[in-house]
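Input: a single structure, listed below in structure tokens.
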2 protein chains.
Amino acid sequence: MPISMAHEKGQIPTNLRLLLLLEEVSRAGVPVTPADLVDALGLPKPTVHRLFNTAEEAGFLQRDIDGRSFGPGPRLRRLSVNTLSSQRLRTVRLSILNGVVEKMGETCNIAVPDRDAMVYLDRIETKWPLRIQLPVGTKVPFHCTASGKMYLSSLNPRYLDRYLASRTLEEHTKKTITDTARLKAELTKTRKRGYSTDDEEFMDGMVAVAVPIIDDQGRLVSTLSAHAPLQRNDLPALVANVETLKTAADQLSELLLS
Amino acid sequence: MPISMAHEKGQIPTNLRLLLLLEEVSRAGVPVTPADLVDALGLPKPTVHRLFNTAEEAGFLQRDIDGRSFGPGPRLRRLSVNTLSSQRLRTVRLSILNGVVEKMGETCNIAVPDRDAMVYLDRIETKWPLRIQLPVGTKVPFHCTASGKMYLSSLNPRYLDRYLASRTLEEHTKKTITDTARLKAELTKTRKRGYSTDDEEFMDGMVAVAVPIIDDQGRLVSTLSAHAPLQRNDLPALVANVETLKTAADQLSELLLS
DNA sequence: AGTAAATGTCTGAATGTTGAAACGGGGGGA
DNA sequence: TCCCCCCGTTTCAACATTCAGACATTTACT
């Protein structure tokens, strides 16, 4: 599966429903009644009522003075405070990313390998109006992205062969490498020079470079990459900034130790 | 059943599980792995893994750069901010702010750290015609504002060093502190005396003081600050009101739990 | 290097949740 | 006063989630 498109329109997973309900309640800002949310959530009446009751019993919602509507309860407020208090770890990571973006003027991402795709963890966009829209949390394939190829190049050859054997390389653009042998050659080159590139292999008109973020044992845990639309920068221009990326990647690696 | 004797040993309702998981994650304060929570939640391994995946796909959790652990995601942060901005709390908060504004005669704000900047949550303007225009929702940098410096001073020294090392301190006015060592000294002073100042470091002709709003575990959640144009008040005049601000901040802290 | 412990993954019978439809009931308008 | 409309509640077949046990993988230790 290329880019993870969750649940089209079919169904909202049972597990998520209470959470979506709380999300709506807090977004409303004022106490709401179950009936108010029936449309907003697109769920049947009885379901919504049950969810409200569950949330109230558990203390995540509390009944308003009018007895009919609900607002955030003590437990939800507690959760919110804790969430906002635990934000500080990301401050450092983001400021490193920010530094890179300022120097390069292009969008930067941190991505980690997850089973069968790379997941974007963090991103800082350029201030330029022309941007590539790939929100945090989206997944992109290994074989046709800079970060994915960086990851593949770090694999033990045995695992790499197994991966390549088990999968057909889907064509995303005309430049996507769909031939196993060619991809392997590309990965060897990547391993040697220490950075990977994406020359319009994932999206027409988009190029990218990526460098590895490694842990204290030298293993790749995630990647740092920069994207650019061809209208603004070409691949050589991005590659010229590889040292900037590597410096930042080293700083990010250090973060792993603490 | 009188008062919900929830899970003894029986069962946690399916609908609540994801929520309890997020509760634990945010309570931990640092990124956690699925295995960490297996005991804490008392749920079987496969279940916990599935829940983590669901939460990540929906954007409520976000993977850390080590690729294995998870912390709050964008959607959970948004939910948290919205919850704390809900009407009931907001009304009380604004009335506390109002009291401060009446005593001090200057604009007051509540701000929370969000990613890489402070964002204004609430504000009450003075009635004086001469005001500083910074609407709710705007973001201001950490290093050159009273609230931002208050936040930085609450960081663990190790993270603070990382943050400062990875970022150039942008000059907003001639008085902006752009030297890392000087900023660190300033933050140490701030931590000791319990309030921070902004002496025209962000905007010419504007001064400010800020005090922390802390949760019951002593962590900074947000800040309370007051701004003044130099034409009306100077920095010593604002500092003279620090006790007023601190009293209000204590009341605001209590509001978080209640 | 080798091995033990821990972490993550898979399966399917058992269990909990869902929602269409139909019902009771309360408030506002004529 | 009556009637209508909308809110909240009930039922039970259909459906999604669960989790024991076993397997696969990674990590930690000798």
Side-chain angles (χ1 to χ4, degrees), chain A residues 1 6-22 25 31-58 61 63-64 66-70 112-117 119 151 154-163 166 214-222 256-257, chain B residues 1 4 6-22 31-58 61 63-64 66-70:
Chain A
M1 61 195 86
H7 47 75
E8 294 279 314
K9 54 158 195 173
Q11 290 299 349
I12 306 171
T14 306
N15 280 325
L16 271 177
R17 295 185 173 198
L18 231 192
L19 209 35
L20 296 182
L21 183 134
L22 294 186
V25 170
V32 292
T33 64
D36 290 336
L37 291 194
V38 166
D39 295 323
L41 292 170
L43 292 173
K45 249 187 313 183
T47 306
V48 175
H49 276 96
R50 256 194 316 255
L51 293 175
F52 265 91
N53 282 334
T54 312
E56 188 193 15
E57 272 170 37
L61 289 184
R63 220 171 266 265
D64 200 63
D66 68 0
R68 254 178 277 177
S69 40
F70 295 80
V112 293
D114 175 36
R115 302 187 56 76
D116 57 353
V119 184
Y151 166 65
S154 79
L155 284 180
N156 173 317
R158 206 178 61 206
Y159 287 115
L160 179 58
D161 284 340
R162 194 196 299 177
Y163 171 78
S166 71
I214 57 178
D215 67 9
D216 53 345
Q217 289 169 55
R219 291 170 305 195
L220 178 146
V221 289
S222 45
L256 287 171
L257 307 180
Chain B
M1 59 191 94
S4 104
H7 40 93
E8 290 277 320
K9 61 167 199 165
Q11 290 300 351
I12 306 170
T14 306
N15 280 326
L16 271 176
R17 295 186 175 198
L18 195 42
L19 204 37
L20 295 181
L21 182 135
L22 295 186
V32 292
T33 65
D36 289 337
L37 291 194
V38 167
D39 296 323
L41 291 170
L43 292 173
K45 247 186 317 181
T47 305
V48 175
H49 275 95
R50 238 171 331 96
L51 292 175
F52 265 93
N53 282 335
T54 311
E56 187 197 14
E57 272 170 37
L61 289 183
R63 222 172 264 257
D64 199 62
D66 67 2
R68 269 183 294 157
S69 41
F70 294 79

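Proteins come first, then strands; the chains are lettered A, B, ... in the order of their sequence lines, and each starts at number 1. Reckoned from all heavy atoms, side chains included, excluding hydrogens, waters and symmetry mates.
For A:Thr14 and A:Ala35, each mapped to the nucleotide of DNA chain D holding its nearest heavy atom, the one lying further toward the 5' end belongs to A:Ala35. When each of B:His49 and A:Leu43 is assigned the nucleotide of DNA chain C bearing its nearest heavy atom, the one mapping closer to the 5' terminus is B:His49.
Considering only side-chain N and O atoms, B:Arg68 lies nowhere under 4.0 angstrom from the phosphate OP1 or OP2 of C:dT7.
Taking every heavy atom of both residues into account, A:Pro34 and A:Arg68 meet most closely at CD-O, 3.8 Å.
Taking only side-chain atoms of A:Thr47, from C-beta outward, the nucleotide of C:dG8, D:dG8, C:dG19 with the closest atom is C:dG19. Relative to the side chain of A:Pro46, the nucleotides C:dA21, C:dT18, D:dT18 differ in distance, and C:dA21 lies closest. The side chain of B:Asn15 lies closest to C:dT17, out of D:dC19, C:dT17, D:dC7. Nearest nucleotide to the side chain of A:Arg219, out of C:dT7, D:dT27, D:dA16: D:dT27. Nearest to the side chain of B:Leu51, among D:dT18, C:dG8, C:dT18, sits D:dT18. Of the candidates C:dT9, C:dT17, D:dG8, the closest approach to any side-chain atom of B:Pro13 belongs to C:dT17. Residue A:Arg17 places its side chain closer to C:dG19 than to any other of D:dG8, C:dG19, C:dT9.
Judged by distance alone, with hydrogens and angles left aside, B:Arg50 brings no side-chain donor or acceptor close enough to the base of C:dG8 to form a pair under 3.5 Å.
For the pair A:Phe52 CZ and D:dC7 P, the interatomic distance rounds to 13 Å; values are reported in whole Å. Distance, B:Lys45 NZ to C:dA6 C1': 8 Å, rounded to whole Å. Rounding to whole angstrom units, CG of residue B:Leu19 and C1' of D:dT17 are separated by 17 Å. Taking atom CD1 of B:Ile12 as the reference point, atom P of C:dT17 lies 12 Å away to the nearest angstrom. Rounded to a whole Å, the CG atom of A:Asn156 is 13 Å from the P atom of D:dT25. Between B:Asp66 atom CG and D:dT27 atom C1' there is a gap of 14 Å when expressed in whole angstrom units. Across the protein-nucleic acid pair, A:Asp114 atom CG and C:dG8 atom C1' stand 12 Å apart, rounded to whole Å. Between B:Asn53 atom CG and D:dT18 atom C1' the separation is 15 Å, expressed in whole Å.
Taking 4.5 Å as the limit, some side-chain heavy atom of B:Leu61 sits within range of a side-chain heavy atom of B:Leu22. The closest side-chain heavy-atom distance from A:Val221 to A:Ile214 is not below 4.5 Å.
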Next item on the list: Could you go through the side-chain contact (heavy atoms from CB on, under 4.5 Å) check for A:Leu21 and A:Leu43 one step at a time?
Entry: CA-CA 10 Å; A:Leu21 183 134; A:Leu43 292 173; over 6 Å; no
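The local environment of CZ in A:Arg63 is crowded, with over 12 non-hydrogen atoms from other residues, nucleotides or ligands closer than 6.0 Å.
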